[in-house]
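Numbering of residues begins at 1 and proceeds along the displayed sequence. Owing to the predicted nature of the structure, the values given are computational and were not obtained by experimental measurement. Order of listing sets the numbers, starting from 1, for every ligand and every atom in it. Just the heavy atoms: all of them, side chains too, but no hydrogens, waters or symmetry mates, feed the values below.
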Amino acid sequence: MTGEDYPRVRVDGIGRRYDSPQGTVQALQDVSFDVETGEFVCIVGPSGSGKTTLFRIIAGLESPTSGTVSLDGDPVEGPGPNLGLVFQEYHLFPWRTVSGNVGFGLERQDVGAAERQRRVDELLDLVGLDDFADSYPRDLSGGMKQRVALARALAVDPELLLMDEPFGAVDAQTKRMLQAELLDIWAETGKTILFVTHDVDEAITLADRVIVMGTEPGHVREHVEIDIDRPRSRSSARFGEYYERILDLIQS
Ligand code: ADP
């Protein structure tokens, strides 16, 4: 097999058990799937189906008790420049400006000041925050903070953008705007995106494919390809059919 035959992400036989004096919880059991380069995949599932645990394992923040995760054929061994992470809680550095936040990963890679500035400007333009380069996170709305977090994640040009409920903390209108912007950025950059959400409507709006998880133990129930042209209308009959189907899978 040559390197080019590997999928961007391969999740292979992942299991995660938590042992405690109160007993053992099998958070994930035998979870396997691939994500192809350029694909937009959403993971949905009820609370307790192991979404967060799976996210943390793919990000290399936590080890599985069995199985492996690989990125372009190489095992994931911890957060690195080939992964861009976006969390619900932004995790911005409050003492850094918007520019300083976006440029953080480039500084760590010793990218020179001029090149860093060029890249930061380009990213702020991409997320529509050119006018806020010198602002601090405390002066931004939730939606703007999440745009900064997205620009920061994209700065080092990661192979995979891994997002955990990134729009879970903003109001419904901002959420829709951010979804549309993310789709534009995805189209423009060709990034591979793996996006965890409990919001079925969001998953159908965004994804090429939705992976539906089930509980006890956390496992993959089904892969649902979303075959609707973008931009997608929530009021279309097809959208409604996917919605019912995925909701049924989650609730049954
Ligand atoms: P989801 O994100 O889908 O709600 P989680 O990954 O948070 O699911 O949790 C899956 C299961 O694993 C749950 O039963 C949860 O209680 C358990 N779990 C998650 N993290 C831990 C932990 N650190 N210690 C013990 N049990 C855990």
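- Protein heavy atoms are found inside the 4.0 Å sphere centred on atom 24 (N) of ligand 1.
- Using modelled atom types, one side-chain atom of Asn101 and one backbone atom of Phe93 make a donor-acceptor pair closer than 3.5 Å.
- Taking only non-hydrogen atoms, the option from Pro46, Ser20, Gly48, Gly218 nearest to atom 4 (O) of ligand 1 is Gly48.
- For ligand 1, the atoms sitting less than 4.0 Å from at least one non-hydrogen atom of Val25 are 12 (O), 14 (O), 17 (C), numbered in the order shown with element in parentheses.
- Near Ser47, meaning under 4.0 Å from any of its heavy atoms, are these atoms of ligand 1: 4 (O).
- The only member of Arg176, Lys175, Met177, Gln88 that meets side-chain contact (heavy atoms from CB on, under 4.5 Å) when paired with Phe167 is Lys175.
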Criterion side chain to side chain donor-acceptor pair (under 3.5 Å) on Thr97 and Ser99, from CA distance to verdict: CA-CA 5 Å; Thr97 62; Ser99 275; 4.8 Å; no
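- For ligand 1, the polar-atom distance check against Gly50 finds a nitrogen or oxygen pair separated by under 3.5 Å.
- Judged by a 6.0 Å distance limit and a 45° cone about the ring axis, Arg16 is positioned over the six-membered ring of Tyr18.
- For atom 9 (O) of ligand 1, the choice among Thr53, Asp19, Thr215, Leu54 with the nearest heavy atom turns out to be Thr53.
- Defined by atom type and a distance below 3.5 Å, a donor-acceptor pair is present between the side-chain atoms of Glu202 and Thr197.
- Ring planes of Phe195 and Phe40: tilted class, angle from 30 to 60°.
- In terms of protein heavy-atom proximity, atom 12 (O) of ligand 1 is nearest to Ala27 CB, 3.2 Å.
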